[in-house]
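The structure appears below as structure tokens.
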Protein chains: 2
Amino acid sequence: MAKTKINQDTEGQILNAAEKVFQKKGMDGARMQEIADEADINKAMLHYYYRSKQLLFEAVFANAFSLLAPQLNKIINDDSSVEEKIKNFTNNHISFIAKHPYLPNFIIQELNRNPKFFEQIQKNAGFPSLEKFKTQVAAEVEKGILKPIAGEQLFINIISLNIFPFVATPLIKGFLKLDDKGFKKLMEQRKTEVSEFIINSIKK
Amino acid sequence: MAKTKINQDTEGQILNAAEKVFQKKGMDGARMQEIADEADINKAMLHYYYRSKQLLFEAVFANAFSLLAPQLNKIINDDSSVEEKIKNFTNNHISFIAKHPYLPNFIIQELNRNPKFFEQIQKNAGFPSLEKFKTQVAAEVEKGILKPIAGEQLFINIISLNIFPFVATPLIKGFLKLDDKGFKKLMEQRKTEVSEFIINSIKK
DNA sequence: ATCTTTGTTAACCAAATGGTTAAACCATAA
DNA sequence: TTATGGTTTAACCATTTGGTTAACAAAGAT
């Protein structure tokens, strides 16, 4: 209450609220009123700052994606060895997700709903290509450090093993009969186990 | 046109149409009118056969889940060795997905939206537990066939490597700059590569 | 033939929802 | 003090949407 009429980063407040609601309910499930309530603000303000639901959503999505992309960049454009990359990425990922639990599912879900989002985002940022990683893997295979594997497949394996459990959390919890605590424990173990699992498989 | 007024499996027609629309757009994105159009049927019929959107959706979801569960059961309750299970599951999965491309994403998405669905389904069918697989893995580790690994983690790894690429298809296509054809080719390779990757890692 | 049950349709309805508007508010510069 | 310009609000609007209704048509039962 006692809200001053001064604009103290109303725009940011809206973006935070929109993030929360959109990431939880998706574009279709989210309601403008709910976002307004979450931001403790009049609904008309949403339109004042971001013309439409679509544009507000796009702001949230771009923001979310800009958090995920650098994570993957560590695999793609870092200078360390493949083994180090795997260890680093795997170890960091769990901690990262803990701070953004809805993020992977949100991005995947909305990218499925409208694959064109990828093109739009690809333009904005100088977007990373997998080329470097592919040549790096090929080189390490050549040197006899790694068993033969295509860079693409290894990349897919790394992100699958790391991201999937957080996308399919309810499925895994259901099949494994885990509560929040049990699930968290299992994910904590994966911080080291997953990288061992991968390296075990590819190292000569 | 020239539609007879006879009931020739209208209910099934509706279910098929609903499946198509719900799996593509999700509960929130789907429109009853669109389902009716897809089924080439009057909208009121949807309510005549399945009272509400919610109930129609639940019928579709249960149906979808009943397709996925047996797949996972092959890992859990089959009598073959762990190695054979991995090979079989991996090899079959791609072909299965080709017939139901929206299925994994649909199930995961809706399970995230409402985790209670799992409980409801768990009651209906005599639901499989992971116990058997866990003891099997423990036994093979004991015998020295496999390197030490927990059954839960191995299970998660298997389904992650197999399912994730089909859940995150647009993300992977984007990062790897693949068109439909390139993606399909890569997935075809995975039929054998994924099982080799896993077995490489765990076999002593 | 006629009555009854089941299936089907067009028209309709109330609620929800994204979006608009016009007036009020308030800090600040003139 | 007052004019100004961005900010905020309550009320409003048009459309969409899930759901209902009443009339009607087709078979089967009597």
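On a predicted model such as this, the values are computed, not experimentally measured, just so you know.
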Task: Rounded distance (Å) that lies between atom P of dA26(D) and atom CE of M45(B) - done: 14 Å

Open item on the list: If you compare every side-chain N and O of T10(B) against the phosphate oxygens of dG7(C) (OP1, OP2), does one of them come in below 4.0 Å?
Closed with: no

Open item on the list: With a 6.0 Å cut-off on the ring centroids, do F106(A) and F65(A) count as close?
Closed with: no

Open item on the list: What does the B/S/- profile of nucleotides 17-22 of chain C look like, 5' to 3', with a 4.0 Å heavy-atom cutoff to protein?
Closed with: SBBBB-

Task: Partner set under side chain to side chain contact (heavy atoms under 4.5 Å, CB included) for I158(B), not counting sequence neighbours - done: I75(B), I86(B), F89(B), F133(B), L154(B), N162(B), I198(B)

- [ ] Return no unless some side-chain N or O of Y49(A) is found under 4.0 Å from OP1 or OP2 of dT8(D).
- [x] yes

Task: Charged N-O contact under 4.0 Å between K87(A) and E196(A) - done: no

Task: Whole angstrom value for the distance that separates P of dT16(D) from CD of E34(B) - done: 14 Å

- [ ] Using whole Å, report how far CD1 of I41(A) lies from P of dT9(D).
- [x] 7 Å

Open item on the list: Just the rounded figure in Å: distance from C1' of dG6(D) to CD of E11(A).
Closed with: 13 Å

- [ ] In whole angstrom, give the distance that lies between atom OH of Y48(B) and atom P of dT5(C).
- [x] 12 Å

- [ ] Round to a whole Å and report the spacing from CG of L46(A) to C1' of dT9(D).
- [x] 13 Å

Open item on the list: Whether K134(B) and E131(B) form a salt bridge (side-chain N of Lys/Arg under 4.0 Å from carboxylate O of Asp/Glu) is what I want to check.
Closed with: yes

TODO: Could you check how far CD of Q13(B) sits from P of dG7(C), rounded to whole Å?
DONE: 14 Å

TODO: Can you run down the side chain to side chain donor-acceptor pair (under 3.5 Å) pairs that involve residues 175-184 of chain B, sequence neighbours left out, and say none if there aren't any?
DONE: K173(B)-D180(B)

Task: Donor + acceptor pair across side chains of R113(B), N105(A) (<3.5 Å) - done: no

